[in-house]
Amino acid sequence: MSLNQPISDFKNKNIWLIGASSGIGAACAKWFFAQGANLVLSARRTEPLELLAKGVSNSAYIVPIDVCDQQSIAQASKEVLTHLKRIDLLLFVSGVYEPVQANTLNYLTAKKMVDTNLLGPISVLEQLLPTFLAQQSGHIAIVGSVAGYSGLPKSLVYGPTKAAILNFAESLYMDVSPQGIGVHVICPGFVSTPATAINDFKMPALISADEAANCIGQGLMNGDFEIHFPKRFSRFLKFLRILPYPIYFWLIKTFIKT
Ligand SMILES: NC(=O)c1ccc[n+]([C@@H]2O[C@H](COP(=O)([O-])OP(=O)(O)OC[C@H]3O[C@@H](n4cnc5c(N)ncnc54)[C@H](OP(=O)(O)O)[C@@H]3O)[C@@H](O)[C@H]2O)c1
């Protein structure tokens, strides 16, 4: 059952894609360009955005943003809304991942992940929700992670930021869905990107960024609230979280070698 209005196609749809300079976001930009969407591409680094735009379309509009900086968010939101006039999809992909465990826990690393992965989308939505609510239409999609389902090794800070964004999306859905606004939370498993290149363990069910972009596009077209993939991995983790803790911890220790 679709919890959101399915998006029949992306042709001429106005999309603001935040976190488009690399990895999953860059692959999504290519996917949406191929579908004929009007895109505004954002991230802190504009050089990779310009290269990306040059390669796929001459209609891309680039707006730099630092999602940890309130002034930058306010300025970018204003510019995007002036340019697009109406917004059909906000896709928030930006995020940072650093493996943290008990012996490497520190405030500054934690703050960076909380600011980017959790307060980043919340701050952007503070600027954009009035427009969505006035339109009574449009879709908000935020990239979370399967790491938000339950505790995982080396995920001492990243996991909690993604658990919180999942919870945020659930609450937002209840608030704005009756007003015609779609909400989607995207939970990828392991995707091969610069962010995961630092992992020193074998990542189970690893997929490419292009495969991830295709899953995201298809999930939005289906109207899914939660878009999770690859299913062989995300369904396994969903199953694990309903088990009693002694079994859960034993299985994680057995199957995830770090
Ligand atoms: N790769 C995976 O296996 C995986 C799995 C589950 C979830 N995810 C999630 O997927 C998303 C994308 O990850 P990825 O693997 O594609 O990583 P990536 O290649 O490192 O890309 C991260 C993106 O976030 C942007 N970003 C980081 N900090 C930012 C800031 N302060 N302001 C604006 N943009 C910022 C980066 O752009 P700039 O540096 O140019 O600003 C870049 O475009 C993240 O939310 C991540 O948590 C990834």
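In listed order, ligands and their atoms are each counted from 1. Model, not experiment: these values are computed from the prediction.
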Distance-only N or O hit between ligand 1 and V96, under 3.5 Å: no

Can you tell me which residue and heavy atom of the protein come closest to atom 44 (C) of ligand 1, and the distance to 0.1 Å? V93 O, 3.2 Å

Check ligand 1 against T196 and write out every atom of the ligand that is under 4.0 Å from a heavy-atom position of the residue. 1 (N), 2 (C), 3 (O)

Tell me which protein heavy atom sits closest to atom 33 (C) of ligand 1, plus the residue, atom name and distance to 0.1 Å. I65 O, 3.4 Å

How far is atom 37 (O) of ligand 1 from its nearest protein heavy atom, and which residue and atom name does that atom have? S21 OG, 2.8 Å

Residues S137 and R86: side-chain donor-acceptor under 3.5 angstrom: yes

Residue-level breakdown please: for M203 versus ligand 1, do any non-hydrogen atoms fall below 4.0 Å on the side chain, on the backbone, on both, or on neither? neither

Starting from atom 17 (O) of ligand 1, locate the nearest protein heavy atom and write down its residue, its atom name and how far away it is, to 0.1 Å. A195 CB, 3.3 Å

With respect to S145, determine whether any N or O atom, backbone or side chain, lies less than 3.5 Å from an N or O atom of ligand 1. no

Mutual orientation of the aromatic rings belonging to Y61 and H83 [parallel < 30°, tilted 30-60°, perpendicular > 60°]: parallel

Aromatic ring proximity, centroids under 6.0 angstrom, F92 and W16: no

Could you tell me the residue and atom name of the protein heavy atom closest to atom 19 (O) of ligand 1, and the distance to it rounded to 0.1 Å? S22 OG, 2.5 Å

Please write down residue, atom name and distance for the protein heavy atom closest to atom 31 (N) of ligand 1. D66 OD1, 2.9 Å

Under the rule for side chain to side chain donor-acceptor pair (under 3.5 Å), what residues qualify as partners of Q135, not counting sequence neighbours? none

At under 4.0 Å between heavy atoms, is it the side chain or the backbone of V67 that contacts ligand 1, or both, or neither? both

Return a yes/no value for F190: is any of its N or O atoms, backbone included, closer than 3.5 angstrom to an N or O of ligand 1? no

Is there a nitrogen or oxygen of G19 sitting under 3.5 Å from a nitrogen or oxygen of ligand 1? yes

Could you check whether N199 and T196, counting side-chain N and O atoms only, form a donor-acceptor pair closer than 3.5 Å? no

side-chain contact (heavy atoms from CB on, under 4.5 Å) with K154: which of V100, T104, D200? D200

For C187, state whether at least one heavy atom is located under 4.0 Å from any atom of ligand 1. no

Sub-3.5 Å N/O-N/O distance, P188 and ligand 1: no

G120 heavy atom under 4.0 Å from ligand 1: no

Consider every N or O of I24 and every N or O of ligand 1, then say whether any pair is closer than 3.5 Å. yes

